[in-house]
Structures are given as C-alpha cells and as structure tokens.
Amino acid sequence: MTERKPKNIFKDGPIPASFIAESIQKHSTQKAIGGHSIFLGQVRADETEKGVVSAIEYTAFEEMALEKMHLIREDIFAKYPLTCMHVHHSLGTVEAGEICLFVFTSSAHRKAAINACEETVERLKAELPVWGKEIIGGESHQWKVNR
Amino acid sequence: MTERKPKNIFKDGPIPASFIAESIQKHSTQKAIGGHSIFLGQVRADETEKGVVSAIEYTAFEEMALEKMHLIREDIFAKYPLTCMHVHHSLGTVEAGEICLFVFTSSAHRKAAINACEETVERLKAELPVWGKEIIGGESHQWKVNR
Amino acid sequence: MQVKVLIFGQLTDITGLSELLVTDVSTSNELIESLTGKYPELATAKYVVALDKKVISQETQLPDNSTVALLPPFSGG
Amino acid sequence: MQVKVLIFGQLTDITGLSELLVTDVSTSNELIESLTGKYPELATAKYVVALDKKVISQETQLPDNSTVALLPPFSGG
C-alpha cells in the first residue's frame with residue numbers, strides 16, 4: 001500500500017508521548033498487523049567544549065526534504081511487505097530530553113517492520129536536508145554532526 | 001546499569017497505548033539518551049482452517065520465564081551500551097488488534113538501542129516458556145507457532 | 001518420594017490438567033514413562049523437560065519434592 | 001536574469017542571511033564564485049549545491065528564476 005502523495009513529516013516543536021500513543025492506538029483496527037517497530041530520537045544534553053547542550057533548533061529545506069522522504073518511503077515499501085509507515089520530525093526548538101524524531105513501521109511479521117524501521121532511520125539521517133543547531137547555555141551554539 | 005534482581009515482565013491482559021506513552025515520557029529526565037527503539041507485538045486476526053483468530057490467551061511458566069528473562073537482560077546489557085531496557089508481556093486474553101509485547105531499549109546512540117531491541121525480541125520469543133492459545137470464534141482453538 | 005509435574009500449553013489438551021503429583025518414580029525417564037502410560041498421546045507430542053526450572057536432556061535422578069515441567073515449543077510474543 | 005539562493009545550516013553563520021537574490025550569473029560555477037567573493041569563508045566550507053531541489057555535481061546552466069540551495073552536511077534526527 002504505497003502512498004503516492006508526499007506527506008508532511010514536519011511538526012513544530014517536540015513530539016509528545018501522547019502523540020505517539022495516539023498513533024499506536026489507531027493501529028488497533030488493522031488486524032493483519034503482527035509487529036510494530038518504533039524509533040524515537042531524543043535530544044541529548046551533550047557536554048561540549050562550549051558547555052552543555054540545552055536544546056536543538058531544527059531547520060530544513062522542507063520542500064526538498066518532503067520530496068526526498070517520499071522517495072525513501074517508496075523504496076522501503078517496494079522492499080518490505082509493510083502495512084504502514086509513519087515518520088515525524090521536529091522543526092524549531094526541541095529541549096534536551098524531548099523527542100525530535102518518530103519513525104513507526106508496521107507489518108504482519110516482525111522482521112519486515114524491524115528492518116524497514118532501521119533502514120528508514122539510516123536513510124533519513126543521511127539524505128534529508130535537515131540541520132540541527134545545538135544551543136549551549138542559551139547563548140552559544142554549534143552545529144550538530146551526524147555519524 | 002545492569003539491574004541485578006529479576007523484574008516481573010508479565011501483565012494481565014493487553015498493554016495499553018497509554019502505558020507505552022507513560023514509559024516513553026519517564027525517559028525525558030534521562031538526558032544522556034539519544035535514541036529509543038521499541039518493538040510492539042500485536043495480535044493478528046489470522047485466518048485459519050478453523051476460522052478467524054479472535055484473541056490469544058497467553059500462559060507462562062512464570063518463575064522460569066522471569067529467571068530466563070533476567071539472563072537475557074544481563075547478556076544484552078553486557079553486549080550493548082544501553083541506558084535502560086524494559087520488557088512487558090501479556091498473560092491471559094489479548095484480543096486481535098491489541099498489544100501483547102512491549103520491548104523498549106534506550107541508549108546514547110541509535111545503533112545500540114536498535115540492535116539490542118531486535119536481539120531481545122528474538123531471544124525472548126525463542127527462550128521464554130510462554131504459550132499462546134489462539135481462540136477461534138470463541139469456541140475452537142489452536143496453539144500459536146513461533147517462526 | 002513425590003514429584004510435582006507441571007503441564008503447559010498444548011500438552012494440557014492431552015492431559016486435561018496443568019498440575020499433578022506423581023509418586024514412586026525416581027528418574028526423569030521413569031516419570032515420562034509413567035505419564036505416557038496414562039496419556040498415550042504424549043508419546044508423539046513435542047516437548048522438553050525441565051527439572052526445577054532447568055531444562056534436562058538426559059535421564060536425571062529426581063530429588064524428593066522436586067518439580068518437573070513439560071514444556072512444548074514456546075510461542076510467546 | 002535572476003537566481004534565488006537559499007542558505008542553510010552552518011552556512012548561515014557565514015552569510016548572516018538565509019536567502020538572497022543574485023543577478024547576472026549564468027552558471028552554477030559563476031554563482032559560487034560570486035558568493036565566495038562576497039563571503040570568503042564559503043571557500044573552505046563544506047556543502048553541496050542543489051538546483052531546483054536536485055543536487056548538482058558539475059557546472060550547470062542556471063535557468064532564469066531558478067532556485068539554488070547551498071546545503072551543508074545534513075544533521076537531522
């Protein structure tokens with residue numbers, strides 16, 4: 001069930017746990033699903049030379065990111081027998097301890113859900129034009145580096 | 001931070017989405033966490049020769065399962081740099097569409113969380129003395145087979 | 001000499017009960033033989049045997065008041 | 001002849017702005033040269049160039065009213 005239209009994945013601010021719960025709950029009507037795999041990115045209070053990271057401010061080239069995410073989604077649906085996939089990424093300020101990324105895949109069997117989730121996370125980190133500005137002590141900043 | 005005492009993983013009935021949300025929310029104070037990986041098992045309304053599965057009734061050799069889960073937990077903590085791991089498995093009746101298994105691992109970086117979660121799911125399915133009785137049309141039943 | 005036997009999963013469809021007490025057996029093989037005499041379908045059923053929560057794979061002496069569990073293939077999750 | 005330039009991430013620390021209009025350049029190389037003249041630190045910065053949301057890796061003719069984006073290494077998630 002590949003979805004053909006690019007979906008918006010961006011959301012202002014952090015992703016609340018209640019939003020994640022609602023998303024899980026909605027799948028209880030889909031009775032062919034046997035396994036869900038979820039990845040959550042949480043902002044770390046990393047210690048840096050300049051001080052402790054208090055938040056990350058996310059910006060994106062949104063239009064390009066949504067087109068790219070659409071291609072990733074189509075690739076993943078072509079590769080794995082998924083029932084559905086949901087991706088949400090924060091824009092703007094996300095405080096340390098808050099959730100900035102929510103990737104959610106579901107399938108009849110666990111392997112497809114687990115592998116699709118992991119691959120989606122890897123690809124979106126490498127391919128989406130999104131940037132994180134690490135705010136340090138409210139004054140200084142440095143730019144996040146993905147590994 | 002390996003925990004030394006066997007924890008109870010069993011819970012009567014399905015695992016509600018609100019319980020999962022609370023568990024996620026609690027981790028917002030742990031600011032060294034960068035990634036969470038979650039696996040959820042959901043009961044499928046499988047079509048069988050006898051009819052459609054309406055629910056699974058789980059039983060376990062609880063004492064043995066908790067000892068075994070403790071060993072799995074220790075192995076996983078020894079292998080991956082995890083911040084924490086939580087496992088919950090239903091006992092009793094879980095209707096199709098409801099959640100029967102919740103595995104939740106967290107780490108500073110995504111790889112450890114993702115790999116630890118997958119390995120924990122595989123091991124507990126293979127090693128815990130738990131059985132699922134598939135209830136068919138409220139009258140008949142057959143026993144679940146793990147693949 | 002008494003041994004508690006716990007029966008799980010699909011094996012309870014054969015025995016109709018999940019717990020029984022067996023007396024006058026001294027090894028795991030004697031116990032299985034006795035149970036299979038009572039419940040012939042056990043002969044073709046697939047299961048492993050645990051003595052006091054540890055799986056055993058060969059004939060083992062059963063201590064008095066020990067607990068033996070018959071465990072069919074696991075299907076949790 | 002006019003091209004919109006979008007600047008993202010750490011490159012905005014160099015340019016101080018996230019969007020500018022450039023006239024009188026006809027290829028991507030001419031544009032980068034012009035920008036690097038204005039913002040010399042761009043010369044050592046790491047980024048790729050996207051023309052109308054597609055990454056380009058060689059000198060490309062810039063259509064009138066096209067949009068060029070300078071994209072430093074991604075760090076989403």
Side-chain angles (χ1 to χ4, degrees), chain B residues 6 9-11 15 39-44 46 53 56-72 87-92 94 98-103 117-135 140-147, chain C residues 2-22 25 27-29 31-32 34-36 38-77:
Chain B
I9 64 165
F10 292 112
K11 182 174 167 53
I15 297 163
F39 178 80
L40 302 175
Q42 181 168 307
V43 172
R44 278 195 315 274
D46 274 350
V53 173
I56 293 183
E57 230 177 82
Y58 286 101
T59 50
F61 185 2
E62 291 189 51
E63 277 176 81
M64 184 175 166
L66 296 182
E67 284 185 12
K68 197 75 191 170
M69 187 64 229
H70 183 64
L71 295 177
I72 296 173
V87 175
H88 301 276
H89 195 299
S90 296
L91 290 183
V94 182
E98 294 182 326
I99 305 290
C100 57
L101 173 63
F102 171 29
V103 177
C117 185
E118 181 173 9
E119 194 167 323
T120 302
V121 171
E122 292 305 321
R123 286 198 59 182
L124 72 81
K125 280 184 170 258
E127 298 177 35
L128 295 194
V130 176
W131 297 272
K133 182 178 178 177
E134 297 174 334
I135 308 300
S140 179
H141 77 263
Q142 69 181 18
W143 291 86
K144 184 169 177 279
V145 177
N146 276 0
R147 270 162 228 153
Chain C
Q2 169 176 290
V3 172
K4 182 155 81 173
V5 180
L6 303 177
I7 316 281
F8 290 100
Q10 43 271 56
L11 302 183
T12 60
D13 286 354
I14 296 174
T15 60
L17 40 72
S18 58
E19 192 174 323
L20 63 165
L21 289 175
V22 176
V25 293
T27 72
S28 53
N29 289 20
L31 172 65
I32 297 306
S34 159
L35 290 171
T36 307
K38 215 183 285 183
Y39 307 107
E41 289 175 70
L42 280 182
T44 54
K46 210 179 148 193
Y47 61 90
V48 297
V49 176
L51 169 61
D52 291 334
K53 296 180 274 173
K54 306 286 171 216
V55 171
I56 56 174
S57 50
Q58 27 188 327
E59 176 152 27
T60 305
Q61 203 68 31
L62 301 178
D64 193 21
N65 291 316
S66 56
T67 299
V68 171
L70 306 195
L71 311 175
F74 307 154
S75 55

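Residue numbering restarts at 1 for every chain, and letters A, B, ... go by the order of the sequence lines. In this text, all values refer to a predicted model and were calculated from it rather than measured experimentally.
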**Student:** Can you pull out the residues in residues 7-22 of chain C with any heavy atom less than 4.5 Å from chain B?
**Tutor:**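 Checking residues 7-22 of chain C against chain B gives C:Phe8, C:Gly9, C:Gln10, C:Thr12, C:Asp13.
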**Student:** Side-chain contact, heavy-atom cut-off 4.5 Å: B:His89 with B:Tyr58?
**Tutor:**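 Yes, close enough: below the 4.5 Å cut-off.
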**Student:** Measure the shortest side-chain to side-chain distance between B:Phe10 and B:Val87 over non-hydrogen atoms and say whether it is less than 4.5 angstrom.
**Tutor:**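 Not in contact.
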**Student:** Chain C heavy atoms under 4.5 Å from B:Trp131: which part of the residue, side chain, backbone, both or neither?
**Tutor:**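 Both backbone and side chain.
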**Student:** Using the side chain to side chain donor-acceptor pair (under 3.5 Å) criterion, which residues pair with C:Lys54? Sequence neighbours excluded.
**Tutor:**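 With sequence neighbours excluded, C:Lys54 shows a side chain to side chain donor-acceptor pair (under 3.5 Å) to no residue whatsoever.
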**Student:** Step by step, work out the side-chain contact (heavy atoms from CB on, under 4.5 Å) result for B:Ile56 and B:Ile135.
**Tutor:** CA-CA 6 Å; B:Ile56 293 183; B:Ile135 308 300; over 6 Å; no
**Student:** Would you give the length of the straight line joining atom NE2 of B:His70 to atom CD1 of B:Ile9, rounded to the nearest 0.5 angstrom?
**Tutor:**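 One finds 13.0 Å between NE2 of B:His70 and CD1 of B:Ile9.
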**Student:** Working note: B:Thr59 + B:Leu91, criterion side-chain contact (heavy atoms from CB on, under 4.5 Å); need CA distance, chi angles, decisive distance, verdict.
**Tutor:** CA-CA 6 Å; B:Thr59 50; B:Leu91 290 183; 5.7 Å; no
**Student:** Side chains of B:Thr120 and B:Met69: does their closest heavy-atom pair fall under 4.5 Å?
**Tutor:**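 A side-chain contact exists here, since the closest heavy-atom pair is under 4.5 Å.
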**Student:** Heavy-atom pairs under 4.5 Å with chain C - which of B:Lys68, B:Lys133, B:Glu127, B:Glu57 has more of them than the others?
**Tutor:**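 The residue among B:Lys68, B:Lys133, B:Glu127, B:Glu57 with the greatest pair count is B:Glu127.
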**Student:** B:Lys125 and B:Asn146: which non-hydrogen atoms are nearest, and at how many Å?
**Tutor:**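 Looks like O-ND2, 3.4 Å.
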**Student:** Mind checking which of residues 63-77 of chain C sit less than 4.5 Å from chain B, heavy atom to heavy atom?
**Tutor:**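 So the qualifying residues are C:Ala69, C:Leu71, C:Pro72, C:Pro73, C:Phe74, C:Ser75, C:Gly76, C:Gly77.
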**Student:** Tell me, yes or no, whether the heavy-atom count around B:Glu63 atom CD, taken from other residues, nucleotides or ligands under 6.0 Å, exceeds 12.
**Tutor:**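 No, the 6.0 Å shell around CD holds no more than 12 heavy atoms from other groups.
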**Student:** Against chain C, label B:Phe61 side chain, backbone, both or neither, depending on which of its atoms sit under 4.5 Å from a heavy atom there.
**Tutor:**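 Both parts, heavy atoms under 4.5 Å.
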**Student:** Among B:Gln42, B:His141, B:Gln142, which residue has the highest count of heavy-atom pairs closer than 4.5 Å to chain C?
**Tutor:**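 Greatest number of close heavy-atom pairs with chain C: B:His141.
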**Student:** Heavy-atom cut-off 4.5 Å, strictly under: side chain, backbone, both or neither for B:Glu67 against chain C?
**Tutor:**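 Just its side chain gets close to chain C.
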**Student:** Using a cut-off of under 4.5 Å for heavy-atom pairs, which of B:Leu128, B:Val94, B:Leu101 has the most such pairs with chain C?
**Tutor:**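 Of the candidates given, the most pairs with chain C belong to B:Leu128.
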**Student:** When you look at C:Val49 and C:Val55, which way does the side-chain contact (heavy atoms from CB on, under 4.5 Å) test go after all the steps?
**Tutor:** CA-CA 6 Å; C:Val49 176; C:Val55 171; over 6 Å; no
**Student:** Using non-hydrogen atoms only, which part of B:Ala60 is less than 4.5 Å away from chain C: side chain, backbone, both, or neither?
**Tutor:**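 For B:Ala60, the backbone is the part near chain C, not the side chain.
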**Student:** Looking only at the side chains, is there a donor atom on one of C:Glu59 and C:Thr27 sitting less than 3.5 Å from an acceptor on the other?
**Tutor:**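 Side-chain D/A pair, C:Glu59 to C:Thr27: present.
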**Student:** Applying side chain to side chain contact (heavy atoms under 4.5 Å, CB included), name anything that partners B:Ile15, two or more places apart in sequence or on another chain.
**Tutor:**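 Applying side chain to side chain contact (heavy atoms under 4.5 Å, CB included) to B:Ile15 gives B:Lys11, B:Phe19, B:Ile20, B:His88, B:Ser90, B:Ile99, B:Phe102.
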**Student:** Give, for atom CD of B:Glu122 and atom CD1 of B:Ile72, the distance between the pair rounded to the nearest 0.5 Å.
**Tutor:**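 B:Glu122 CD to B:Ile72 CD1: 11.0 Å, rounded to 0.5 Å.
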